[in-house]
Amino acid sequence: MKILKIFLRVTLVVTTLLYPLLMCLLTAAGWQYQVDAGNYPAVFSTFAFWMRTGSVLLTAAAILCLCGAKPQRWQCNAAALVCAVCGICACLFTLSRFCAYADQNFPAIGETMQPVSDLFRDRIAPTILPFSLCCILSIWQLCAYETRVCRSRAKQSEEASK
């Protein structure tokens, strides 16, 4: 079980670096750059803002999840779950709004004439993987025996001090 937990943590770090940080943040930066250059309409500033927000929240969730590995820091896991849910909602909602806009306003690109929405969907939708890993690890760490013992000890010491 310990090896599985280590594997999940390493996979969480790698996928967080690839998808929320690399794909989502660079996509948002590209949209904002194009808006600032006058090439894209202002609605892309909103897309960029929410994509950046979701990316930062997913990254924060991964960091909190890794910090919550010690039973004494079990609160980090609860915060990681909240950040992860908010982050994935922001990213996927922005992706769906962008895809709807792109299907109406952008032609297909490339030699294969692939729709722009498919291109971005293929790049951003895998953020579900670090979200899933973060949720699995956080719940696992929250429900671990050591964490439950730590919480009960803290509760007992709090009651004894009253």
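By convention here, the first residue in the shown sequence is residue 1.
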Run the side-chain contact (heavy atoms from CB on, under 4.5 Å) check on M1 and W140 step by step: do they pass?
-> CA-CA 11 Å; M1 288 306 248; W140 188 352; 4.1 Å; yes
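- Between L58 and P130 there is no side-chain heavy-atom pair separated by less than 4.5 Å.
- Interatomic distance, CG of D118 versus CZ of R123, reported as 12.0 Å (0.5 Å rounding).
- Hydrophobic clustering (side-chain heavy atoms under 4.5 Å, transitive across Ile, Leu, Val, Met, Phe, Trp, Tyr) groups F106 together with V43.
- Between F47 and F98, the ring planes are perpendicular. Angles over 60° get that label, and only those under 30° would be called parallel.
- Here the OG1-CE distance, from T94 to M51, works out to 5.0 Å after rounding to the nearest 0.5 Å.
- Between W31 and F120, the distance separating the two ring centers is shorter than 6.0 angstrom.
- With contacts defined as side-chain heavy-atom distances shorter than 4.5 Å, the pair I124/Y19 does not qualify.
- Residues P41 and Y101 meet the side-chain proximity criterion, which asks for heavy atoms closer than 4.5 Å.
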Which donor-acceptor pairs under 3.5 Å do side chains of residues 64-90 form with protein atoms, sequence neighbours excluded?
residue: N77; atom: OD1; partner: Q141; partner atom: NE2; Å: 2.6
residue: N77; atom: ND2; partner: G68; partner atom: O; Å: 3.0

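- One finds the CG atom of L129 at 4.5 Å from the CG atom of L133 (value rounded to the nearest 0.5 Å).
- Between C134 and L12, the closest side-chain pair of non-hydrogen atoms falls below 4.5 Å.
- There is no path of hydrophobic side-chain contacts, each under 4.5 Å, that joins F131 to I139.
- Sparse packing is recorded around OH of Y33, with 12 or fewer heavy atoms of other residues, nucleotides or ligands lying under 6.0 Å away.
- To the nearest 0.5 Å, the span separating CG on L119 from OG1 on T27 amounts to 9.0 Å.
- In this structure, the side chain of S138 does not engage the main chain of C135 through any donor-acceptor pair within 3.5 Å.
- In this structure, CZ in R121 is found 11.0 Å from CG in L92, a value given to the nearest 0.5 Å.
- In the hydrophobic clustering of this structure, L18 groups with M23; members are Ile, Leu, Val, Met, Phe, Trp, Tyr whose side-chain heavy atoms approach within less than 4.5 Å, directly or through other members.
- Checked by atom type and distance alone, the side chain of S55 pairs as donor or acceptor with a backbone atom of P20 at under 3.5 Å.
- Linking Ile, Leu, Val, Met, Phe, Trp and Tyr residues whenever their side-chain heavy atoms come within less than 4.5 Å leaves I136 and L142 in two separate clusters.
- Counting all heavy atoms, side chain and backbone alike, L95 lies closest to A125 at CD2-N, 4.1 Å.
- The environment of CD1 in I3 is sparse: at most 12 heavy-atom neighbours from other residues, nucleotides or ligands sit within 6.0 Å.
- Once rounded to the nearest 0.5 Å, the distance linking CG of L137 with CZ of R9 reads 6.5 Å.
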